[in-house]
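Naming convention: chains lettered A, B, ... in sequence-line order (proteins, then strands); numbering from 1 in each chain.
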Number of protein chains: 2
Amino acid sequence: MNKKEIFSSFLKLRGFRFTPQRERVLEEAFSIHKHFEAEDLLVRIRQNGHRVSKATIYRTLALLIQCGLLREVIFGERHSHYEHTLGPKHHHLICLRCGKIIEFTDETIERVQQRVCEKHRFEPSQRRFEIIGYCENCAKHL
Amino acid sequence: MNKKEIFSSFLKLRGFRFTPQRERVLEEAFSIHKHFEAEDLLVRIRQNGHRVSKATIYRTLALLIQCGLLREVIFGERHSHYEHTLGPKHHHLICLRCGKIIEFTDETIERVQQRVCEKHRFEPSQRRFEIIGYCENCAKHL
DNA sequence: TTTGCAATTGAGTCTAAGTTTCAACTACAA
DNA sequence: TTGTAGTTGAAACTTAGACTCAATTGCAAA
């Protein structure tokens, strides 16, 4: 199943519709291969000669998160960022000075999560592991 | 050095002042022994018969974070929460349904952080490890 | 003690992300 | 064809937090 099928069957299942606007947002969200914000989608959709309202973009992003195709990631800023859930799970090093985001993977984390969730009988659906500080270059300028 | 001394010497060091308002915010922030938000401080300060403006509270919180006495934690909501940095480092299980926050500690995480930071020559100043999902009770109601 | 200056404060204004509202529109099933 | 429920966009709204600025205050040097 590709993204489109996943999303449309997710929608159908709960009596929602797979509309042209929702398809547009889906396509655009997956044409970006890094973290993005709602505003990015708005701009790119417009640049490609289409038009989807802000409200619909936010509504669709919420659906894409619900159906598990996207995940919300939180950097220092006051607005949300999104990323694809496909591909290996990764975490982030966030530079406070230049804003650079370095991704890393670590399989120990998965085991920690399992252990902790078992202990507290917690049902995980996603996680966030972010180390905040200064990248190699910026650390020199402190 | 207690909190007051840490804060006031942090301020003096950079030519800032340890004012009554800043002291008020410090005291109030440390009289709460769990996560809190800016609004909580505003209310509590007023309840104790004092008065510190919203602007000053936000400004002082930023200073307390800078000097390392407080840390910003991010739960699902659109506004910030804060916690004391003193005491053992811990992480959070966040329930999406009832909003409950369960704290846990895990020493493996510290080692993961060290390993990752060394590899990327990253200078860490804080971290976030949050597992988002459903607590034992809420998992039943899904 | 006085003086001058830079830091600080509070009230109010502003910003921007995201949400809500609602009337018009649309897909689909009966 | 019609009824119903989902969807859309425009605009208004919400809210945390940042900014502005005139008035105030703390402190260091005279």
Task: Covered region of DNA chain D, 5' end to 3' end, by chain A [heavy atoms, under 4.0 Å] - done: D/dA5 to D/dG17
Task: Given B/H81, B/H92, B/H84, the one that forms ring-ring contact (aromatic ring centres under 6.0 Å, His included) with B/H35 - done: B/H92
Expected list for residues 55-76 of chain B: side-chain donor-acceptor pairs under 3.5 angstrom, two or more places apart:
residue	atom	partner	partner atom	Å
B/T56	OG1	B/S53	OG	3.1
B/T60	OG1	B/T56	O	2.7
B/R71	NH1	B/E83	OE2	2.6
B/E72	OE2	B/S80	OG	2.5

Open item on the list: Quick check: on DNA chain D, is the nucleotide nearest B/E39 upstream (toward 5') of the one nearest B/T19, or the reverse? Name the residue that is more 5'.
Closed with: B/E39
TODO: Please work out if B/R59 contacts a base, only the sugar-phosphate, or nothing of the nucleic acid, heavy-atom cut-off 4.0 Å.
DONE: base
TODO: Return the minimal non-hydrogen interatomic distance between B/F36 and B/I32, and the atom names on each side.
DONE: CB-CD1, 3.8 Å
TODO: Please list, in 5' to 3' order, the outermost nucleotides of DNA chain C lying under 4.0 Å from any heavy atom of chain B.
DONE: C/dA6 to C/dG18
Task: Short N-O contact, A/E110 and A/R127, less than 4.0 angstrom - done: yes
Task: Nearest heavy atoms of A/V52 and A/R24, plus distance in Å - done: CG2-CG, 3.9 Å
Task: Cluster link A/F30 to A/F18, ILVMFWY, side chain under 4.5 Å - done: yes
- [ ] Map B/A55 and A/H81 onto DNA chain C by nearest heavy atom, then report which one ends up closer to the 5' terminus.
- [x] B/A55
- [ ] Check whether the side chains of B/R44 and B/S31 place a donor and an acceptor atom closer than 3.5 Å, and report yes or no.
- [x] yes
TODO: Would you mind classifying the nucleic acid contact of A/R78 as base, sugar-phosphate or nothing, using non-hydrogen atoms under 4.0 angstrom?
DONE: sugar-phosphate
Open item on the list: Considering every strand and a 4.0 Å limit on heavy-atom distances, what is the contact class for A/F16: base, sugar-phosphate, or nothing?
Closed with: sugar-phosphate
Task: Within 6.0 angstrom of A/R115 CZ, more than 12 heavy atoms from elsewhere - done: yes
Open item on the list: Assuming nearest nucleotide by heavy-atom distance, tell me which of A/Y82 and A/K12 is located more 5' along DNA chain C.
Closed with: A/Y82
